[in-house]
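The next block holds one structure in the form of C-alpha cells; read it before the comments.
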Amino acid sequence: MSETYARIIIDISHEKVDRTFDYRIPQHLRQEITVGTRVLIPFGKGNTMRKGYVVGITAKASYDPDKIKEIGGIVTDGVSAESRLITLAWWLKEQYGSTMNQALKTVLPIKQKVKPKEKKIIRSLLNREQLSNALKEAEKKSYKARVRLFFALLDNPVIPYEIAVNQMNLSASAIKPLIEKGDICLESEEIYRNPIQIESQEEKRLRLNPGQQIIVDSFNRDYSEGKRDTYLIHGITGSGKTEVYMELIQRVIEDDRQVIVLIPEIALTYQTVMRFYGRFGNRVSIINSRLSAGERFDQFERAKNGDIDIMIGPRSALFTPFSRLGLILIDEEHEGAYKSETVPRYHAREVAGKRAQMEGASLVLGSATPSLEAYTKALRGEYQLFRLTERAKKDSSLAEVSVVDLRQELKDGNKSIFSRKLQMLMEERLRKKEQIMLFINRRGYANFVSCRSCGEAIRCPHCDVTLTLHNNSRLVCHYCGHTIPMPSKCPSCSSPYIANFGVGTQKIEQMTKKMFPQARILRMDLDTTKGKGGHEAILSAFAEHEGDILIGTQMIVKGHDFPDVTLVGVLAADLSLNTPDYRSGERTFQLLTQAAGRAGRDAKAGDVIIQTYSPDHYSIVTAASQDYEAFYRQEMAFRRLMKYPPASGLLTIQFSSRNESVLTETAAAAGAFATAIGEPEQVQLIGPVEASVYKINDIYRKILYLKQENYDILIKIRDQIDGFSENHPELFEQVLIQYDFS
DNA sequence: AGCACGCCGACT
DNA sequence: GTCGGCGTGCTC
C-alpha cells in the first residue's frame, strides 16, 4: 500500500510558519486522521513536539519524501472549535473552489502578527544599581543588544515583548541567555480590549403578540426535543422580528450554548447593538470592520475562552470559534452583503447552514423580503416558514403607496426630478413640520441607456438585461456579448431624448434646495459619511430634527426608525431595475419595500411616492401593493424561463490576465473544453464574454457562465476544469481562474 | 516559536 | 587563534 501524507499547519501564530507542512501518517493512525484532526508533530531542529491541524490528505508529497517526518500522535482533548472550523474551511474550498490557504484565511482570519496588546512583557530582575553596572559591562564588551535592552530597562523596568522585538530589534537568541542568567524574566498578562464601552441599560422585555409567540413556541418545542432545524421568518418591516430573536437567543443561552448573530454591516448601528447589550449585558460582543486586527483577535479569543455567549457582526462573525454553538441567526437574510466578494466567494447563508449542521445548531433566517433562494427552500419544506404580518406597535399603520409615471410627467411638460404629486406632498409636509426622506436607489455605476420620453431602457434581445454603454459608442450585453452601436434615437419610439442614466445625490440636493429654499436638507452618501461615525452623525442629526429632508442612497432606508417621517419619495425606481444583473428585479423590490417601510412607523399616516418610467413592471407594482407572494411568483417565473438561480445553478468562471491575447486564447480553450464535457450533462454554456468592467488595473477579465439545475454537476465540471488548467500550464501560466457559484 | 549556523568583535 | 554574542534563515 502506498504512503499517505497529511498536510498540516503548525499551531504557532507567526507569519513565518503560516503555511502547510507535510508529514507521514503512520499505519496505525490512518483510520483516525482526517481533515480537521489535531495532531502532535515533531517540528524543527530539536524535534520539539507541537500541535498542528490536518488540513488535507494526499498520496504524493510536495516535498522530498526522505526528509518527511512522521506524525507523533493525536491530540485527544475533545474536538476543539478550531478543528471544526478547519473542517469547515475544507468544505469551503471544495464547495466554492479556492486553495486551502484562501479558505483557511477566511475561517481563521486572525493568524496575524498583531498579537494581543502587551501579551508578554519583559521585567527587569535587577535593581537600578545592578542594572547600570550591567549596562556598563555590556558597553565595555560592546554587547549591542544588551546595551539597548538594559538602557531601556533603566528607563522603565517593564517593557512589552512586542516592542522589544520589533522596535528595539532584539532577537530571541539575544534575550534568552539573559533570562537564564536571571537578569530579566518574561511574564504574560492578557488584556482584552472590549469594543463595547457603554453603560448598560435594562432592555425591558416586551409582551409578544400572537404571531411572535407562535414562532417562539415552535422553536422552543423543537429545541427542547433536540430537533435542530432551519427557520425562515418572513416578517414585514416593523413586525418585531428583533423581539423574536431575543427570545430565541435567551432560550439557547439558558441551555449553556452560544449564539452567532449576523447583521449586515450597514445595519449594525448603535441602536441595534444597544438592544442586544441591554438585554444580555457583557455576555455580548460585536465585531465590525472598524475594529483593528488586534481587537478582532481579542473578541475571537474571548469567544474561544467562553467569556461571551453572543457574537454580533457581519459575514465574518460566522467564524467565531465558539465550542458549543447552539444557534446562528441571520437578520436581513436577503442582503447582498452576505455574499463574499473575495475568493472563496461563499454565501453566509449557505456556510451558516453547513456550520449549523456540523455543530448541531439551529439556523434562523429573518427578512421582510426573503431572497428567492430562501423562500423557495421554505416552500419546498426544507425550512420551516413563519410569517409576521402585523406591525408590532398596535397604532402604527402601513403607509399609502402610490406609483407615479414619469413618462406622463414629461409629456405634461414637467421636466423636474419631482413629480407634481411628490412636490405637492413635500410642500404640505414642510408646512406641517413633518419629515421627508428622498431616496435614490443608485448603487455603484448605473450606466445603462434609457429613453426619457417612453422610459424604455435598451435591453439585450437574448438575455433580458440592460445593455451597458462602453466608451460612449457601443452597447454591450454582459451576459452573452451581444453588441450594437449606440443608437441616436430611441429604438421603440424614435425620440431623440435618449441618454446615459445616472443621477447623483449631490445633484438632487441642489435641485431640492432650489425648489424648497426654506427647507433644511441633510445629505447622506459616500462623501458625507467618510469619517468615523459619519453615518451615525447624520442619522442622529435627522432624528433630532436638525433637518427637514434627508437625501440619500440605500443607507438611509436601513435600520433606523424615524417616527416623524411621514413621506418617502423614491426618485427613480428604475435605477436599480435596470442594472445589468439578473437580480435587478429582486433588488428593486427589496429596496422599494424597505423604503416604504420607513414611512408612518408611528400613529401618523405615511405616504410613499415611487417615481418610475416603468410603472407596469411587476417589481414596482408588487412593491407598491406590498405583496411579496405576487412578486415571488412572477420573479420565479422569470428565473425559471431564463434558467437563473434559484431555478437553476449558475457557475461563473472568471479568467483574468495582464496579457489580453493569452487571456482570449485561454478562455476560448477552457470554453471549448467546458462545452465538450458539459454537453452530455446538459449544461448550458454562455461565453466567454468580457466582464462588465473588462479591464481593471491593467488586468483583463473574461467570464464563462455555466447553467445546470443540478448543482453537483456544476461542481463536477468545475473540478474537471481545474484539472484541465493543471494539465495545461502553458495556457494558464499567466491566467488566474476563479469560480463563483450562485 | 525556537534551534543551528556563521559572522565578527574581544580577549587569553 | 578561540570564545561567545547576536542576526539570519529554516523548520515537512
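We use all heavy atoms of the structure for the numbers below, so side chains are in, but hydrogens, waters and symmetry mates are not. Each chain gets a letter, A, B and so on, in the order its sequence line appears, and its residues count up from 1. Bear in mind that the values here come from a model prediction, so they are computed numbers and not experimental data.
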Within the 4.0 Å limit for protein heavy atoms, which parts of nucleotides 6-12 of chain C are touched? Write it as a string from 5' to 3', B for base, S for sugar-phosphate only, - for none. SBB--BB

Measure [atom1]/[X] against [atom2]/[N] and give the value in whole Å, please.
| X | N | atom1 | atom2 | answer |
| --- | --- | --- | --- | --- |
| Ile175(A) | dC3(B) | CD1 | P | 14 Å |
| Ile10(A) | dG2(B) | CD1 | C1' | 13 Å |
| Glu139(A) | dG5(C) | CD | C1' | 16 Å |

Please enumerate all residues that pass ring pair (Phe, Tyr, Trp, His ring centres under 6.0 Å) together with Phe151(A), with sequence neighbours excluded. none

Mind checking what makes ring pair (Phe, Tyr, Trp, His ring centres under 6.0 Å) contact with Phe673(A), not counting sequence neighbours? Phe724(A)

Among pairs that include at least one residue of residues 661-674 of chain A, which meet side-chain hydrogen bond (donor to acceptor under 3.5 Å, both in side chains), considering only residues two or more places apart or in two chains? Asn659(A)-Ser661(A)

Listed once per pair and sorted, the side-chain hydrogen bond (donor to acceptor under 3.5 Å, both in side chains) pairs that draw on residues 85-96 of chain A, sequence neighbours left out: Tyr96(A)-Glu350(A)

Please list, in numerical order, the residues of residues 124-138 of chain A that have a heavy atom closer than 4.0 Å to any atom of DNA chain B. none

Which residues satisfy the side-chain contact (heavy atoms from CB on, under 4.5 Å) test with [X], sequence neighbours excluded?
| X | value |
| --- | --- |
| Arg283(A) | Asp309(A) |
| Asp331(A) | Lys241(A), Tyr245(A), Ile263(A) |
| Glu70(A) | Arg24(A), Pro26(A) |

Contacts of Lys140(A) and Thr48(A) projected onto DNA chain B by closest heavy atom; the upstream (5') one is Thr48(A)

Taking the side chain from Tyr5(A) and the backbone from Pro65(A), do they hold a donor-acceptor pair closer than 3.5 Å? no

